[in-house]
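One structure is given below, encoded as structure tokens.
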Amino acid sequence: MTAKFRLRTPAAHPQRRVATAKLPWMLAGATTLLVPIVMSLRGQDPFRLPKDLLFLAFAIASATAAIVVWLRGTTRDHQSGAVRTVPLIAIGSVCWTALASLFSTNHALSHRAILWVAAVAVFACAVDLGGRARGTLAIAWPLIPAAINAVIFLLQRFHVWNPMTFPADLPDHMRYTALLGNPDDVGGLLMAPALVAVALVLCDRRRRALWIPSAVLLLAGVAAGRLTSLLACGAGLLVMGFVRSRKVGVIATALIVAGAITLVVVDPPMRARATSIANALRAHDYAEATSGRITAFVSASMMAIDHPLFGVGPGCFRWAYFEYKVAAERAHPSLAKAWSADYNFGEAHNEHLQTLAETGVPGYALFVAALVVLAASSRRKKNSENEDETERGTLVRTLALPTSVAIAILCLAHFPLHLAASTVTIVYIAALSVAWGAHAEVEVRPALKERLAAILRRRRLSPALSIAFVLVVVIGAAFLISRIALKPWQCNLTEKEIQVRTSLTYDSVADPIQTSRYAHENLAALEPCIEVSPHDIALYMLAAANQRLIGRDADAATMYRRALQYDRRPELYYNLGVVELQLHQRDAAIADLLTAVSFSRAYLRDLPADVQAEVSDALRRQYPYLAGT
């Protein structure tokens with residue numbers, strides 16, 4: 001007899017299919033754990049840029065994994081007549097950002113903003129779809145990187161140990177950076193995990209011995225940090241107490257008030273800041289009361305008034321700030337005399353106003369809707385009033401509303417959603433809370449549900465065609481990661497090297513031949529980096545500096561003009577004006593120097609006497625409200 005055998009494809013093995021389906025969730029977990037702690041002292045930007053690039057790389061990998069899961073048919077069929085809330089908000093945000101970018105005042109900057117919003121949307125969807133069936137411990141993942149940063153921050157704060165080396169003239173309070181680069185960023189990262197830790201103390205009795213020290217550590221990090229994150233966390237804890245019960249709320253209120261008084265009494269920096277704010281408010285010195293941010297707030301408000309529907313464009317606040325800062329000072333001359341009048345804000349330091357200014361009223365409505373959906377997750381699920389709630393449901397009811405309130409307050413004086421570390425942490429906690437909450441799904445009409453199911457239903461493909469599609473997707477993802485993350489990081493390293501070499505060349509008395517050789521080498525290295533990161537203004541300024549070293553002033557002027565296409569900084573106008581003077585283009589030089597001086601009168605100091613007099617005279621005629629500043 002002849003035996004017959006049939007070969008079965010191993011790809012159909014159910015365990016492998018399940019493992020493949022978990023890929024987006026695993027990548028979301030890796031993003032949450034790694035992004036807040038990654039840094040590199042080798043680059044020009046050692047803190048924020050590595051996190052941003054790693055987050056974008058993980059988002060691309062997560063989107064790729066989701067497509068592979070869909071092609072392999074390993075997704076679960078969703079039979080209820082509803083759609084998931086988190087993907088709905090995420091897709092709506094991406095669509096509106098793309099639409100607003102069509103009416104942007106700077107399309108190049110808006111394209112980059114679309115990439116960021118899309119990455120956040122992919123991450124939120126991965127958390128929602130992969131985390132809805134997870135246990136309570138899943139929400140504790142952000143506590144790990146938060147605890148690492150809290151330990152380093154507290155060691156720096158109390159001068160026990162600082163792993164970083166800072167310039168000697170840097171103020172002491174700016175040396176408390178943890179792995180994030182800025183004390184404000186530390187507070188923005190620790191706030192939400194601190195609320196999670198306290199909620200776990202209240203709801204997870206089995207592991208309370210683990211959560212209590214975690215909560216103490218994170219709350220200590222928040223308390224030793226900045227005022228904005230402290231107020232946000234305090235408000236969240238207060239709301240959490242009343243969500244639990246009126247009795248717990250009263251106890252929480254007493255503890256928060258006692259803690260606030262103690263903190264002001266025993267902590268000199270916090271006492272000084274509280275006194276400074278109180279005195280500034282009595283004197284109507286709003287620049288001092290807002291740490292110099294009032295001009296950015298007013299400018300963002302004016303942008304929103306002038307562009308109510310689509311805003312100035314996603315990612316375009318920094319582009320529009322120069323124009324609106326000057327307009328704000330014209331409308332409110334006292335702003336020109338504020339101690340922060342020379343600051344060039346790249347962010348509004350207020351997510352509410354910046355979202356409204358960049359994306360208009362509909363964009364801000366989506367932001368508010370996300371906060372409302374998160375807050376509403378604290379409601380009981382339907383038909384559960386007379387039933388014992390699960391531990392996970394109790395946790396969400398305790399955490400969701402306080403987290404929403406805390407995020408809203410934090411965003412009043414910070415920009416956590418423009419920073420990868422705090423964005424990952426906040427979005428992970430918020431998306432998981434909504435996925436577990438009472439409003440995880442939105443009911444839709446049966447016809448719409450059938451249409452969505454038809455769109456998402458996997459088409460039957462032959463094995464060869466399916467493999468080919470997977471390969472194309474993976475190769476495309478590898479190209480995007482290289483283009484969007486790896487090459488910009490390599491250019492960040494190159495930028496630091498060229499910055500050092502250029503500074504040494506300017507400071508030393510090198511022979512002309514050696515100077516020319518160094519400058520040409522630097523320009524050759526900068527050229528591909530400008531192509532990879534055209535929005536990086538520092539690259540243009542370095543190129544212009546090297547071109548000036550070898551007497552190519554016309555090329556340097558071109559570089560400054562190219563940089564002004566991405567950011568209208570006063571130093572760019574100033575340097576352009578100086579170069580135009582050397583090129584004997586006096587009228588153009590006076591115009592550009594006047595533009596720089598209208599932003600900051602400090603640029604008058606180093607000008608030649610005749611140029612200074614001409615610019616000052618033009619300043620008095622065109623900007624009379626700046627007299628005496």
Please name all residues satisfying salt bridge (charged side-chain N to carboxylate O under 4.0 Å, His left out) with [X], sequence neighbours left out, ordered by chain then number.
X      : answer
Arg273 : Glu288
Asp184 : Arg226, Arg293
Asp267 : Arg157
Asp567 : Arg318, Arg569

With heavy-atom distances below 4.5 Å as the criterion, would you say the side chains of [X] and [Y] are in contact?
X      : Y      : value
Tyr176 : Val186 : no
Leu335 : His332 : yes
Ile152 : Thr177 : no
Ile139 : Arg134 : no
Leu237 : Ile256 : yes
Phe55  : Phe123 : yes
Leu353 : Tyr364 : no
Tyr286 : Leu281 : yes

Check whether [X] reaches the backbone of [Y] with its side chain - one donor and one acceptor, N or O, closer than 3.5 Å.
X      : Y      : value
Ser101 : Ala98  : yes
His173 : Pro183 : no
Asn492 : Pro488 : no
Glu358 : Gly315 : yes
Trp436 : Leu395 : no
Lys325 : Ala341 : yes
Ser229 : Gly225 : no
Asn344 : Gly346 : no
Ser291 : Ala287 : no
Ser378 : Leu401 : yes

With sequence neighbours left out, write down each residue that passes ring pair (Phe, Tyr, Trp, His ring centres under 6.0 Å) with Tyr321, or none if nothing qualifies. Phe317, Phe345

According to salt bridge (charged side-chain N to carboxylate O under 4.0 Å, His left out), does anything in residues 162-178 pair up with another residue at least two apart or in another chain? List the pairs. none

From [X] [atom1] over to [Y] [atom2], what is the distance, rounded to the nearest 0.5 angstrom?
X      : Y      : atom1 : atom2 : result
Arg246 : Thr253 : CZ    : OG1   : 12.0 Å
Leu412 : Thr290 : CG    : OG1   : 12.5 Å
Gln44  : Leu49  : CD    : CG    : 10.5 Å
Cys233 : Leu218 : SG    : CG    : 9.0 Å
Asn279 : Asp285 : CG    : CG    : 10.0 Å
Leu143 : Ser214 : CG    : OG    : 5.5 Å

Does Ser110 have any side-chain hydrogen bond (donor to acceptor under 3.5 Å, both in side chains) partners at least two apart in sequence or in another chain, and if so, which? Ser104

I'd like to check the side-chain hydrogen bond (donor to acceptor under 3.5 Å, both in side chains) partners of Asp128; sequence neighbours left out, ordered by chain and number. Arg84

Between Asn162 and Leu155, does the side chain to side chain contact (heavy atoms under 4.5 Å, CB included) criterion hold? Intermediate values first, please. CA-CA 7 Å; Asn162 196 331; Leu155 291 174; over 6 Å; no

Can you list the steps and then say if Arg48 with Asp185 is a salt bridge (charged side-chain N to carboxylate O under 4.0 Å, His left out)? CA-CA 10 Å; Arg48 289 181 178 176; Asp185 297 1; 3.0 Å; yes

Under the criterion side chain to side chain contact (heavy atoms under 4.5 Å, CB included), I'd like the reasoning laid out for Trp96 against Thr359: C-alpha separation, chi angles, the key distance, then a yes or no. CA-CA 8 Å; Trp96 183 257; Thr359 60; 4.0 Å; yes

Is there any ring-ring contact (aromatic ring centres under 6.0 Å, His included) pair reaching into residues 390-420, and which pairs are they, with sequence neighbours excluded? His349-Phe415

Show every ring-ring contact (aromatic ring centres under 6.0 Å, His included) that has at least one partner inside residues 132-151, sequence neighbours left out. Trp25-Trp141

When the ring centroid of Trp319 is compared with that of Tyr324, is the distance short of 6.0 Å? no

Side-chain atoms of residues 30-41: list all donor-acceptor pairs with protein atoms under 3.5 Å, sequence neighbours left out, distances to 0.1 Å.
from	atom 1	to	atom 2	distance (Å)
Thr31	OG1	Leu27	O	2.7
Thr32	OG1	Ala28	O	2.9
Ser40	OG	Arg42	N	3.3

Quiz: residues 423-434 side-chain donor-acceptor pairs under 3.5 angstrom, not counting sequence neighbours:
from	atom 1	to	atom 2	distance (Å)
Thr423	OG1	Pro416	O	3.0
Thr423	OG1	Leu417	O	3.3
Thr423	OG1	Leu419	O	2.6
Thr425	OG1	Ala421	O	3.0
Tyr428	OH	Ala138	O	2.5
Ser433	OG	Ile429	O	2.8

What are the two closest heavy atoms between [X] and [Y], and how far apart are they?
X      : Y      : answer
Gly92  : Leu366 : O-CD1, 3.6 Å
Pro50  : Asp45  : CD-O, 3.3 Å
Ser299 : Ala328 : OG-CB, 4.0 Å
Leu399 : Pro402 : O-CD, 3.2 Å

Ion pair Arg207/Asp204, N-O distance below 4.0 Å: yes

I'd like to know whether Ile277 forms a side chain to side chain contact (heavy atoms under 4.5 Å, CB included) with Leu227, so could you lay out the CA-CA distance, the side-chain angles of the two residues, the decisive distance to 0.1 Å, and finally the verdict. CA-CA 11 Å; Ile277 291 175; Leu227 184 59; 3.3 Å; yes

Should we count CZ of Arg271 as having more than 12 external heavy atoms under 6.0 Å? yes

Trace of the salt bridge (charged side-chain N to carboxylate O under 4.0 Å, His left out) decision for Glu391 with Arg205: CA-CA 10 Å; Glu391 181 181 89; Arg205 297 181 179 180; over 6 Å; no

